[in-house]
Amino acid sequence: HDVPAIYRETFLFMQEHNDLPTIKGFLYLLCGLFYEQIDYSTEDPITEGSDLLQKIFVYIESNVDKSCTLHDLAKTLKYNESYLSRFFYGSVGVAYSDYVRSIKINYACYLLQNTNTDIYHVSTKCGYATQSSFNRSFKQVVGCKPGEYRGRMKNADTKNKTDTP
């Protein structure tokens, strides 16, 4: 494989088509390329940890529309909450709750920028029980309220369309 050419071609394609499915496709391509480079000739002691981490990521992505608490994760995967918390932080370098919040808010940003869904429904699609807790989390991560973010993105999109020849 000519890996640099693949990266370059995909990156150039993404600059023209920067929608969520294209970005996910690019990330899957990268994962596939890394996977091909892994040497399985020796037994890896962290395989169990890698499998657990993968299960955690799948759980989070599958439950972004729910509360997605550490308690729920531990119950689903049949692990101790404290162990999962320490394991996740040790593996990723971020607290589980902070990571989940960033995933939810990134999804909210996508919805606010690419749909006309009202903010209340965006908050419920992101697993928040109340709009006030959603607004608080959103402002902590993004630095502004969801309505302000949507307005900025629409203004930026309008400006980009008028600046394009």
Check the pair Phe57 / Val92 against side-chain contact (heavy atoms from CB on, under 4.5 Å), numbers first and verdict last.
CA-CA 11 Å; Phe57 289 142; Val92 180; 3.9 Å; yes
Report the C-alpha distance between Ile119 and Phe134 in whole Å, list the side-chain angles of each, state the deciding distance to 0.1 Å, and finish with yes or no for side-chain contact (heavy atoms from CB on, under 4.5 Å).
CA-CA 9 Å; Ile119 293 172; Phe134 170 69; 3.9 Å; yes
Where do Cys144 and Lys139 land on the side-chain contact (heavy atoms from CB on, under 4.5 Å) test, with the steps shown first?
CA-CA 5 Å; Cys144 64; Lys139 188 166 184 172; 5.8 Å; no
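Expressed to the nearest 0.5 Å, how far CG of Leu84 lies from CG of Leu77 amounts to 6.5 Å. The CD atom of Gln113 sits 8.0 Å away from atom SG of Cys109, with the distance rounded to the nearest 0.5 Å. Rounding to the nearest 0.5 Å gives a distance of 6.5 Å between CG of Asp72 and OG1 of Thr76. One distance of note links OH of Tyr128 with OG of Ser123; it measures 9.5 Å at 0.5 Å rounding. Residue Asp118 holds its CG atom at 8.0 Å from CZ of Arg150, rounded to the nearest 0.5 Å. Interatomic distance, OH of Tyr149 versus CD1 of Ile105, reported as 10.5 Å (0.5 Å rounding).
Side-chain contact between Cys68 and Ile60 is present, with heavy atoms from C-beta onward closer than 4.5 Å. Here the side chains of Met153 and Leu112 are not in contact, with every heavy-atom distance at 4.5 Å or above. Residues Phe138 and Cys126 fail the side-chain proximity criterion, which asks for heavy atoms closer than 4.5 Å. Counting heavy atoms from C-beta outward, Phe88 and Leu73 have side chains that stay 4.5 Å or more apart.
Counting only residues at least two apart or on different chains, the side-chain hydrogen bond (donor to acceptor under 3.5 Å, both in side chains) pairs with a member in residues 84-100 are Asp98-Arg101.
Around the OH atom of Tyr120, the shell of radius 6.0 Å holds no more than 12 heavy atoms that belong to other residues, nucleotides or ligands.
Between Asn116 and Lys154, the shortest heavy-atom contact is OD1-NZ, 3.6 Å.
A search for side chain to side chain donor-acceptor pair (under 3.5 Å) contacts involving Thr130 returns Ser132, Ser133, not counting sequence neighbours. Among residues two or more places apart in sequence or in another chain, the side chain to side chain donor-acceptor pair (under 3.5 Å) test is passed with Ser62 by none. The side chain to side chain contact (heavy atoms under 4.5 Å, CB included) test applied to Asn106 returns no partner, not counting sequence neighbours. Considering only residues two or more places apart in sequence or on other chains, Val64 meets the side chain to side chain contact (heavy atoms under 4.5 Å, CB included) condition with Ile103, Lys104, Tyr107. Looking at residues two or more places apart in sequence or on another chain, you find a salt bridge (charged side-chain N to carboxylate O under 4.0 Å, His left out) between Glu61 and Lys24.
Using cut-offs of 30° and 60° on the angle between ring planes, the pair Tyr79 and Tyr83 is parallel.
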